[in-house]
Amino acid sequence: MAADGWRDDEELPVYLARPGTAAVPRQKRGGLFCNVEGAFESKTLDFGALHVGQRRAPPPVRPGPDPPPGTVPGPGPAAGDVRASSGQEQLQDAAPADDTSDRLLIKGGRIVNDDQSFYADIYMEDGLIKQIGDNLIVPGGVKTIEANGKMVIPGGIDVHTRLQMPYKGMTSVDDFFQGTKAALAGGTTMIMDHVVPEPESSLAEALERWREWADGKACCDYALHVDIPRWSDHVKQELHAMVQEKGVNSFMVYMAYKDLYQMSNTELYEIFSCLAELGAIAQVHAENGDIIAQEQARMLEMGITGPEGHVLSRPEELEAEAVFRAITIASQTNCPLYVTKVMSKSAADLISQARKKGIVVFGEPITASLGTDGTHYWSKNWAKAAAFVVSPPLSPDPTTPDYLNSLLASGDLQVSGSAHCTFSTAQKAIGKDNFTAIPEGTNGIEERMSVIWDKAVATGKMDENQFVAVTSTNAAKIFNLYPRKGRIAVGSDSDLVIWDPDAVKIITAKTHQSVAEYNIFEGMELRGAPLVVICQGKIMLEDGNLHVTQGTGRFLPSSPFPDYVYKRIKARRKMAEVHAVPRGLYDGPVFDLTTTPKGSTPAGSTRESPTRQTPPVRNLHQSGFSLSGHGWSCTLQK
Amino acid sequence: MSQPGRRSGTRGKSDHILIKGGKIVNDDQSFYADVYVEDGLIKQIGEHLVIPRGTRIIDAHGQLVMPGGIDVHTRLQAPVLGMSSADGFFQGTKAALAGGTTMIIEHVCPDAGSSLLAAYEQWRGHADGQACCDYGLSVDIPRWHESLREEMEALVKDKGVNSFLVFMAYKDKLQCTDGQMYEIFCTIRDLGAIAQVHAENGDIIEEEQKRLLELGITGPEGHVLSRPEEVEAEAVFRAITIAKQANCPLYITKVMSRGAADVVAQAKRKGTVVFGEPITASLGTHGSHYWSKNWAKAAAFVTSPPVSPDPSTPDHLSTLLASGDLQVTGSAHCTFTTAQKAVGKDNFTLIPEGTNGVEERMSIVWEKCVVPGKMDENDFVAVTSTNAAKIFNCYPRKGRVAVGSDADLVLWNPKATKIISAKTHNLNVEYNIFEGTECHGVPAVVISQGRVVLEDGNLCVTQGSGRFIPRKTFPDFVYKRIKARNRLAEVHGVPRGMYDGPVHELPASVKAVAPGAGKAAAAPVRNLHQSGFSLSGSQADDHIARRTAQKIMAPPGGRSNITSLS
């Protein structure tokens, strides 16, 4: 009987059968298949199915599948059909299968984690993944989504957003609602936003403000990074409190924005030391602000005021320099480093070199740097050129996106963000006569997953598992949210995306979710798009329709000392102890500084001074003084 | 400026010298010829020379006749904490000549805030009275302020200085910020001089010093622990970035570590005009001695950047020197007696920094590079003399054996050996950091300004006979490329019509309006989008039109990648 059922499953997929006609003899309770109560709690995977395509071939999902004879194809694209469960299941459970049910079953999907892919069904309840496996025993009233062999991946985590960011009294146009909505539309189910406190103001207050904004508006879960605008002892205490009590484990410092946010090397050293003690991640905005300030002044003097001045005053060498410096300081302080917005080849190269030297450093390319390049700064259309203004700027080298994608595929860069921070053209236009006043930021929250799929997976640079790693899993690991996020596993949050690798979408400002008028990826044709997005166990996107509710996003506190990062740091800390050389006291002659008149160096040490000093020197030499306890000659180099 | 031959009267011996039977080695070729020297200049090169009677003939069979060494970096008169280094100009140049070096470039270190010109005159005063060989001066810039620009100009135009050194270390004393370095580099580029840097990240060093002192590490090992080589490499990288940005030729003094040398080599490969100067200490020894139980010995190695504790460093640096990734060698000779060093016996940060090397430089380079076959004798001449003369613009007066060049010559005996020891060196210090090193290849005869100063192991020098060698600006070797790049580096704005679209009005009250403002801003934004504003100017709207058309028309799969448009 069991075997029969199995075969039926295979030969006549449920999704192709009309309700009631398919042989789905599965009984929920008291049936033949469910003689052990609570069996699902320790439900293990069918290991045979782990080998993709070996035993249990996926249902036909190739584009334009020929429906098996005798079945009726579903209307339109069958994949991703969401239906209320029907038939026997309803008999078991009286609960009506309404849309608000938080019980979901994804059937027939290929689960893709960062380590492996396998075919299995997923049952979710209460926003958590409860069961994974074949032939799951699920209660009635479960909404079933037929994945039809499409990939089911953990929802994306966008590690870098700046929604609703205040800037000079304006606010970026995509607020937490609009931004997270766009995120969900693109397959991202969690964002990590940056809190940008005013210099001199309290970090904790700023955090509270951001929490307030986000709690009221966000449609998906979020975590927060806090930017450190100024460094002081007070801030140090605040960091402590935030890590211990507020659930923030990453802080960002700026090496650019002179006289505003920029930190000196000394401050960086102190901050990194402090963060390493707290078990947090140090993020840097890496650009050499001093030189940028000089270059900006030069450009404006030369009369270059348009957006091209932005990229000309921030050449990629300055980014690379700052990355190198940040890495040096981090390695000196034994602090894990996370470089935000890797925009250029040289910066990325330095990160991969440093990793090869064993330094704990992570690099985050963003949608913009992965998807487009900086040639648009020279666009004759001011508004378009201005839309690309972001710091560090997009590299004018058109081979950069390809290169960064390769490094992302090889693991030299680990995570991807969007640095989504959009301003309307009118807002950007406050810098119409001076590029330094153009508010910085590009879109990318919605396009991120598709850009990476198109540029890296579709081109064969990375496989689907690595795709999951760089869009979701690595981020969850670095920021200590793993395995709650970033993995499809029993007990994880049910943030899932059914990914359609064959979908083709043309990016345009007309259809994007963001409020901005320009989309820097305008006209790009991207392969790969989310078909169904499930966030907190609820379907947020299906059939191209978004169903989001403002304010449903939860704040996820992230705890310090993420294992993924700190295991190595801790081991090194043990190794890094230094010891003084035990020596006897030096009891030889000591040059008497007091006899030499102070300040006489330039004038006093004229021609005579060496001769004045030479005699005692000579005498010392001939006196052959020795050091206490240690032989003189034995230490001579042989 | 000194006139050549001003002190010709003081020359005791015959001015006429013929070097017979030697193999002349320049940086480009070697050949057998005789050299005839008169009045401090090389007058004839060739065979069967016609020479006046009474000419002194030196037999050079089996020896190499090379241009005398140029030590690009000495600090014979460095003032530290009111002390003066142990070897003054006399002792230092004497040691230089003993080692085959016939010209030094000394660093003038003015006090922070004092006049560069005054310090320059002071150094000239010291050197003119004491130096036994020709010398040039390079001026350190201790703290940048605008008024120094004029002084630098005066030094370059009237005083024969064409290189300036800035410090990236020594926080609160000599250290320059990145912005200042950029300004200095721009000034130097405009003047046609060379920017030198002491490359170490002073901020990190200070933090590390504090930490180590707190840990109770006060000995010389703290010096190297507080200045790890990453900190040097970082500063080198930063200096190169800034110099490239300012389009200024850069010269890294004291390349002490693998990391720093690799950064220089990489930058060269990317086309940056950068030169690296390893010193005798980094080529000849390594930093494991900082852990010596003998405090005095450990302290003798204290120099900044420190000698790398990695014992493979000298080998690596000599390889890069041989391959041309590093170009010149200096000694950074700045010696202090043990008693002077002992000022820092309880605190490594007070130990005066500096090692010896002016005398050993040539032999060490020969031993580390030529003896193992990494470079040939011509490369040897290049890195010990010719490249330096080219970079600092005294070529071909110095750095070449050619008719008309100064008669600064070394007869190099590649077969002789010498063991370096503090007992026999020509210095005032008790320790020699190369103690016990055996060198195969020593100078047999050294001729400076046409006079034999070293022969049969006997030094015969005259205090004050050294002349100041003024150096001109815009050395060809360096500036030909810089000039070409200057022409190319011009940037132009994009000619656009005026932007006449809507402009967001900045609210008067800037603070604490963010949440509300967010919504307020969003509404007009949508409208703007739909209003389809256009930009004035002819090119602007055709751009938009194309894009819009593409948006609508492009079928799925059609060409629609925006990157192909502009």
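Order of the sequence lines sets the chain letters (A, B, ...), proteins ahead of strands, with each chain counted from 1.
To the nearest 0.5 Å, the span separating CG on A/Leu585 from CG on B/Asp346 amounts to 7.5 Å.
The contact between B/Lys171 and chain A is made entirely by side chain atoms (from C-beta outward), counting heavy-atom distances below 4.5 Å. At a 4.5 Å heavy-atom cutoff, B/Phe90 makes no contact with chain A through either its backbone or its side chain. For A/Leu350, the part lying near chain B is the side chain, with the backbone staying farther off; criterion is any non-hydrogen pair under 4.5 Å. Of the two parts of B/Ala233, the backbone and the side chain both hold a non-hydrogen atom closer than 4.5 Å to a non-hydrogen atom of chain A. Interface remark: B/Pro220 contributes backbone and side-chain atoms alike to the contact with chain A (heavy atom separation under 4.5 Å). Contacts between A/Glu267 and chain B at a heavy-atom distance below 4.5 Å are absent for every atom of the residue. For A/Tyr377, the part sitting under 4.5 Å from any heavy atom of chain B is the backbone (N, CA, C, O) and nothing else. Residue A/Tyr269 touches chain B through its side chain alone, counting heavy-atom pairs closer than 4.5 Å. Heavy-atom distances place no part of B/Glu206 under 4.5 Å from chain A, backbone and side chain included. Heavy-atom distances place both the backbone and the side chain of A/Ala320 under 4.5 Å from chain B.
Residue with the most contacts toward chain B among A/Lys357, A/Met302, A/Glu317: A/Glu317 (heavy-atom pairs, distance under 4.5 Å). Residue with the most contacts toward chain A among B/Gln245, B/Glu183, B/Lys341, B/Lys345: B/Gln245 (heavy-atom pairs, distance under 4.5 Å). Per-residue heavy-atom pair counts under 4.5 Å with chain A were compared for B/Gln180, B/Lys270, B/His492, and the maximum is reached by B/His492. Among the candidates B/Arg211, B/Glu207, B/Glu230, the residue making the largest number of heavy-atom pairs closer than 4.5 Å to chain A is B/Glu207. Among A/Arg527, A/Gln332, A/Lys258, the residue making the largest number of heavy-atom pairs under 4.5 Å with chain B is A/Gln332. Among the candidates B/Val231, B/Thr177, B/Ile240, B/Asn201, the residue making the largest number of heavy-atom pairs closer than 4.5 Å to chain A is B/Asn201.
A donor-acceptor pair under 3.5 Å is absent between the side-chain atoms of A/Arg298 and the main chain of A/Ser313, judged by distance alone. A/Glu321 contributes no side-chain N or O that, together with a main-chain N or O of B/Thr241, makes up a donor-acceptor pair within less than 3.5 Å. For the pair B/Glu234 (side chain) and A/Thr328 (backbone), a donor-acceptor distance under 3.5 Å is absent. A donor-acceptor contact shorter than 3.5 Å links the side chain of A/Ser172 to the backbone of A/Gln164. Here the side chain of B/Asp87 pairs no donor or acceptor atom with the backbone of B/Thr335 at under 3.5 angstrom.
Salt-bridge formation is not detected for the pair A/Arg209/A/Glu198: no Lys NZ or Arg NE/NH1/NH2 atom is positioned less than 4.0 Å from an Asp or Glu carboxylate oxygen.
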### Query
Passes side chain to side chain donor-acceptor pair (under 3.5 Å), A/Arg325 versus A/Asn265? Steps please.
CA-CA 8 Å; A/Arg325 184 149 43 101; A/Asn265 294 336; 2.7 Å; yes

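Checking A/Asp373 against A/Thr375 by side-chain atom types alone, a donor-acceptor pair falls below 3.5 Å.
Between B/Thr338 and A/Tyr586, some side-chain heavy-atom pair lies under the 4.5 Å cut-off.
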